[in-house]
Participant: 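Below you will find the structure I want to go over with you.
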Amino acid sequence: MAAFNPLTVIPTPNKLEGPNSVDWKQNLDIVLIAEEYKFVLDEVCPEKPRDDGMDDEQKAYRKSVKANEMVRCYILASMSNVLQHQYQSMESAYDILKNLKEMFVDQNRAAKQTAMKALLNTKMVEGSYVRDYVLKMMSLLNELEVLGANIDKDTQVEMILQTLPDSF
């Protein structure tokens, strides 16, 4: 059986180019979760223990260093050549992602505004199927969640109910 190659999970059309940063990050997260490396983006790398440090500290440090290097490679391999060149000298995967977030924050904000506008302006047409309409609304809410909007489940239900025709 062939070994799992996480880089094949991020197909060429999803390489980070800029406009697709949200989709790219979502695909990257999937790969990192599958490979059990996601912690590198959420936890601070432990400091290098002293040579006479406890074995557990040495193992944790080696695990963190290896995971950081793998995540860094996944990130670099899944972005455009221009971005690769810009980020290849950065040692920390966490720092690369932090910098990318800052670079694309305005783009994500605009995408979030567009999705929110679509959600707020969507009304169910009398006589159309409720199931199809609710699925459309759920899709818009999912898109907003991916873009970083935090709308609790009760509010989501209320938003959908408010857009139904009076006949409901």
Side-chain angles (χ1 to χ4, degrees), residues 2-49 53 56-122 135-156 159-160:
F4 173 69
N5 180 357
L7 294 178
T8 62
V9 175
I10 304 178
T12 303
N14 287 329
K15 278 192 167 216
L16 179 61
E17 300 282 345
N20 66 338
S21 62
V22 172
D23 293 336
W24 172 82
K25 176 64 168 70
Q26 193 170 15
N27 284 320
L28 179 67
D29 284 346
I30 291 167
V31 171
L32 297 181
I33 289 168
E35 289 293 302
E36 298 180 8
Y37 291 142
K38 181 94 165 62
F39 72 92
V40 170
L41 303 179
D42 302 324
E43 298 173 10
V44 176
C45 181
E47 290 191 29
K48 185 175 183 175
D56 289 345
E57 292 174 346
Q58 295 283 350
K59 285 181 183 176
Y61 177 73
R62 284 193 302 271
K63 177 183 175 186
S64 185
V65 168
K66 170 72 173 170
N68 178 68
E69 190 59 30
M70 293 300 294
V71 171
R72 189 178 159 278
C73 288
Y74 291 156
I75 290 171
L76 291 172
S78 65
M79 57 177 42
S80 71
N81 292 342
V82 171
L83 289 172
Q84 277 179 2
H85 182 71
Q86 183 176 346
Y87 288 101
Q88 68 188 1
S89 64
M90 291 181 87
E91 303 261 336
S92 163
Y94 177 86
D95 289 340
I96 292 172
L97 223 51
K98 181 181 172 188
N99 192 279
L100 287 168
K101 282 180 187 177
E102 290 169 5
M103 182 185 298
F104 297 121
V105 71
D106 289 337
Q107 184 178 22
N108 287 349
R109 186 177 299 122
K112 191 188 302 185
Q113 289 171 346
T114 301
M116 183 62 80
K117 184 176 181 179
L119 178 73
L120 295 175
N121 290 327
T122 300
L135 288 173
K136 178 181 179 178
M137 293 295 284
M138 288 172 58
S139 174
L140 289 169
L141 288 163
N142 286 339
E143 183 178 349
L144 280 165
E145 188 176 329
V146 167
L147 291 167
N150 294 315
I151 305 171
D152 66 82
K153 297 300 179 192
D154 289 339
T155 304
Q156 290 180 17
M159 292 173 83
I160 292 172

Participant: Would you confirm whether Lys112, through its side chain, and Glu145, through its main-chain N or O, come within 3.5 Å as a donor-acceptor pair?
Facilitator: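 Such a contact is absent between Lys112 side chain and Glu145 backbone.
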Participant: Using 0.5 Å steps for rounding, measure from the CG atom of Leu16 to the CZ atom of Phe104.
Facilitator: 4.5 Å
Participant: CD of Glu91: more than 12 outside heavy atoms within 6.0 angstrom?
Facilitator: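 Incorrect, the count does not exceed 12.
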Participant: Are Val40 and Tyr94 packed together at the side-chain level, in the sense that at least one heavy-atom pair is separated by less than 4.5 angstrom?
Facilitator: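 Not touching, per the 4.5 Å side-chain cut-off.
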Participant: Considering all heavy atoms of both residues, which atom of Leu144 and which atom of Ala115 are nearest to each other, and what is their separation?
Facilitator: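 The answer is CD2-CB, 3.7 Å.
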Participant: When you look at Lys136 and Thr122, which way does the side chain to side chain contact (heavy atoms under 4.5 Å, CB included) test go after all the steps?
Facilitator: CA-CA 9 Å; Lys136 178 181 179 178; Thr122 300; 4.1 Å; yes
Participant: Testing the basics here: between Ala93 and Val71, what is the closest heavy-atom pair and its distance to 0.1 Å?
Facilitator: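 The pair with the smallest heavy-atom distance is CB-CG1, 3.5 Å.
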Participant: How many angstroms lie between CD in Gln88 and CG in Leu83, if you round to the nearest 0.5 Å?
Facilitator: 11.5 Å
Participant: Taking atom CD of Glu35 and atom CD1 of Ile30, what is their separation to the nearest 0.5 Å?
Facilitator: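 The CD atom of Glu35 sits 13.0 Å away from the CD1 atom of Ile30.
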Participant: Looking only at heavy atoms, what is the nearest atom pair of Met90 and Arg72, with distance?
Facilitator: O-NE, 2.6 Å
Participant: For Lys38, which residues count as a side-chain contact (heavy atoms from CB on, under 4.5 Å) partner, sequence neighbours excluded?
Facilitator: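 By the side-chain contact (heavy atoms from CB on, under 4.5 Å) rule, Lys38 matches Lys25, Asp29, Leu32, Ile33, Asp42.
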Participant: Got a donor-acceptor contact below 3.5 angstrom from the Ser139 side chain to the Leu135 backbone?
Facilitator: no
Participant: Would you indicate whether the side-chain heavy atoms of Met116 and Glu143 approach each other to under 4.5 Å?
Facilitator: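 No, side chains not in contact.
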Participant: So, are Glu69 and Lys66 salt-bridged, with charged N and O less than 4.0 Å apart?
Facilitator: no
Participant: Decide whether a cation-pi geometry holds between Lys63 and Phe39; the criteria are a distance under 6.0 Å from NZ or CZ to the six-membered ring centre and an angle within 45° of the ring axis.
Facilitator: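 Cation-pi check for Lys63 and Phe39: passes.
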Participant: For residues Asp152 and Thr155, is any side-chain donor paired with an opposing acceptor at under 3.5 Å?
Facilitator: yes
Participant: In the structure I gave you, are the side-chain heavy atoms of Lys48 and Val65 within less than 4.5 Å of one another anywhere?
Facilitator: no
Participant: How many angstroms lie between CD in Gln84 and OG in Ser78, if you round to the nearest 0.5 Å?
Facilitator: 8.5 Å
Participant: Can you tell me if Met138 has over 12 outside heavy atoms packed within less than 6.0 Å of its CE?
Facilitator: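 No - once you tally the heavy atoms of other residues, nucleotides and ligands closer than 6.0 Å, there are 12 at most.
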Participant: Start with the C-alpha gap between Ile160 and Leu141, add the side-chain angles, then the distance that decides, and say whether side chain to side chain contact (heavy atoms under 4.5 Å, CB included) holds.
Facilitator: CA-CA 10 Å; Ile160 292 172; Leu141 288 163; 3.9 Å; yes
Participant: Measure the spacing between CD1 of Ile75 and CG of Leu28 and express it to the nearest 0.5 Å.
Facilitator: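 Atom-to-atom, Ile75:CD1 and Leu28:CG are 5.5 Å apart.
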Participant: Once rounded to the nearest 0.5 Å, what's the spacing between atom CG of Leu140 and atom NZ of Lys117?
Facilitator: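 Reported to 0.5 Å precision, the distance equals 13.5 Å.
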Participant: Take Leu76 and Tyr87 through the test side chain to side chain contact (heavy atoms under 4.5 Å, CB included) and record every step on the way to the result.
Facilitator: CA-CA 7 Å; Leu76 291 172; Tyr87 288 101; 3.9 Å; yes
